[in-house]
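One structure below.
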Amino acid sequence: MAGKEIESRIGDDIVIEPFDKTRINPNSYNLTLHNELLVYKDSLLDMKENNEVEQLIIPKEGLILEPNRLYLGRTVEHTETKNLVPMLEGRSSIGRLGLFVHVTAGFGDVGFKGFWTLEIFCVQPIKIYPNVEVCQIYYHTIEGDHENYSGGKYQNNQGIQPSLLYRDFDIKNG
């Protein structure tokens, strides 16, 4: 979807809060990094467990990220999408510094409402800053009858969401 089309659908099929017209690209919209990060406390993670996390704050002066460590961040912007499939990708300028801001799971669901949790990983030490435009959201049209994502474990989140996969094990195993 073209940037002009994204702009024309703001307030209707697309909600981005806060919205800044200057961040519209030819076919996407840039989202910014919040100053909060989460890191898992243990180096060994268990899919069946609610793995503990600790919070880090990115100061205005920046924070150095270490390679081979997963950082969970979030966008400053809260988004809502109707009748479209939202997708998230890192900006090429960020990727060219060896910083991956969305390692996987950039595919959103039609009807998603919330902040985007970012899976941040770097290949060498890098200093990051809050409020930097780190990723871009873009939209695909959806054809045919569809249901909106409404009751999922990440819907209407209020911040960074660590993995809630352990809940799937609880549901499937009673």
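Predicted, not measured: the structure shown is a model, and the values here were computed from it.
In this structure, Pro59 and Pro130 approach most closely via the heavy-atom pair O-CD, 3.4 Å. The heavy-atom pair separating Asn30 from Gln136 by the smallest distance is OD1-CB, 3.7 Å. Residues Val110 and Lys82 share a closest heavy-atom pair of CG2-C, 4.3 Å. Taking both residues in full, the closest heavy atoms of Gly108 and Val85 are given as O-CG1, 3.5 Å, listed atom of the first, atom of the second, then distance. Here the closest heavy-atom approach between residue Tyr129 and residue Glu61 is recorded as CE2-O, 3.3 Å.
In the hydrophobic cluster analysis, where Ile, Leu, Val, Met, Phe, Trp and Tyr join through side-chain heavy atoms closer than 4.5 angstrom, Met87 is grouped apart from Val15. Hydrophobic cluster membership is shared by Leu63 and Ile120, with clusters built from Ile, Leu, Val, Met, Phe, Trp and Tyr side chains linked at under 4.5 angstrom. Under the 4.5 Å side-chain heavy-atom criterion for ILVMFWY residues, a single connected hydrophobic cluster contains both Val101 and Val132. Both Ile137 and Ile94 belong to a common hydrophobic cluster when Ile, Leu, Val, Met, Phe, Trp and Tyr are linked at side-chain heavy-atom distances under 4.5 angstrom. Taking hydrophobic clusters as Ile, Leu, Val, Met, Phe, Trp and Tyr residues chained together by side-chain heavy-atom distances below 4.5 Å, Val76 does not share a cluster with Trp116.
Separating the CG atom in Leu72 from the CG atom in Leu56 is a distance of 10.5 Å, to the nearest 0.5 Å. To the nearest 0.5 Å, atom OH of residue Tyr71 and atom CD1 of residue Ile128 are 8.0 Å apart. Distance CD1/Ile16 to CD1/Ile6: 7.0 Å, rounded to 0.5 Å.
You'll find the side chain of Arg9 reaches within 4.5 Å of the side chain of Met1, heavy atoms only.
Listed for the Arg74 side chain is no donor-acceptor partner under 3.5 Å among the backbone atoms of Leu33.
Between Tyr29 and Tyr138, the distance separating the two ring centers is not shorter than 6.0 angstrom.
Applying the 6.0 Å contact sphere to CD of Glu52 captures no more than 12 heavy atoms from other residues, nucleotides or ligands. By the 6.0 Å contact criterion, CD on Gln124 is open, its count of non-hydrogen atoms from other residues, nucleotides or ligands being 12 or less.
A salt bridge links Glu77 with Arg23: the closest approach of a Lys/Arg side-chain nitrogen to an acidic carboxylate oxygen falls below 4.0 angstrom.
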Verdict with reasoning, Asn51 to Asp46, per side-chain hydrogen bond (donor to acceptor under 3.5 Å, both in side chains): CA-CA 7 Å; Asn51 296 282; Asp46 187 332; over 6 Å; no
